[in-house]
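Quick notes on the structure that follows.
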Amino acid sequence: MNNSASAYTPITDDPILRMPEVERTTGLKKSTIYLLIKQSQFPSPINLGGRASGWLLSEINQWKAERIAISRGQSVSYTHLRAHETEAD
């Protein structure tokens with residue numbers, strides 16, 4: 001049995017941002033966001049059904065904090081951003 005689904009604790013008070021809000025809060029455009037996702041350098045979106053997707057505000061805020069740390073010469077681990085890759089392995 002796969003325990004990864006049971007290990008996730010849903011956070012009901014963590015808003016989901018749609019693309020325009022993600023663009024606004026990060027200062028990035030859609031094409032750059034999707035390029036960074038492909039490079040495992042940005043959180044993957046959550047499928048909301050159909051063609052709708054969004055991002056957890058907490059994950060976007062964590063990404064921004066990591067970008068600030070990187071720009072100031074501090075080391076950062078992207079392991080949380082790559083979690084979806086290791087689950088598929």
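- Minimum interatomic distance between A52 and N47 (heavy atoms only, all atoms of both residues): O-OD1, 3.6 Å.
- Nearest heavy atoms, I37 versus P43: CG1-O, 3.6 Å.
- Applying the side-chain contact (heavy atoms from CB on, under 4.5 Å) criterion to I16, with sequence neighbours excluded, gives L48, L56.
- Annotation for E59 and S44: closest pair OE1-O, 4.2 Å, computed over non-hydrogen atoms.
- Residues in residues 16-26 take part in these side chain to side chain donor-acceptor pair (under 3.5 Å) pairs, two or more places apart or across chains: T25-K64.
- Scanning for side-chain contact (heavy atoms from CB on, under 4.5 Å) contacts around R72 gives I68, with sequence neighbours left out.
- Contact detail for Y34 and S53: the closest heavy-atom pair is OH-OG, 4.2 Å.
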*Verify side chain to side chain contact (heavy atoms under 4.5 Å, CB included) between W63 and W55, making sure each step is shown before the conclusion.*
CA-CA 11 Å; W63 178 85; W55 288 260; over 6 Å; no

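- Here the straight-line distance linking atom CG of L28 with atom NZ of K30 works out to 14.0 Å at 0.5 Å rounding.
- Remark: Q41 CD to T32 OG1 distance equals 13.5 Å, nearest 0.5 Å.
- Rounded to the nearest 0.5 Å, atoms CG (L17) and CG (N61) are 8.0 Å apart.
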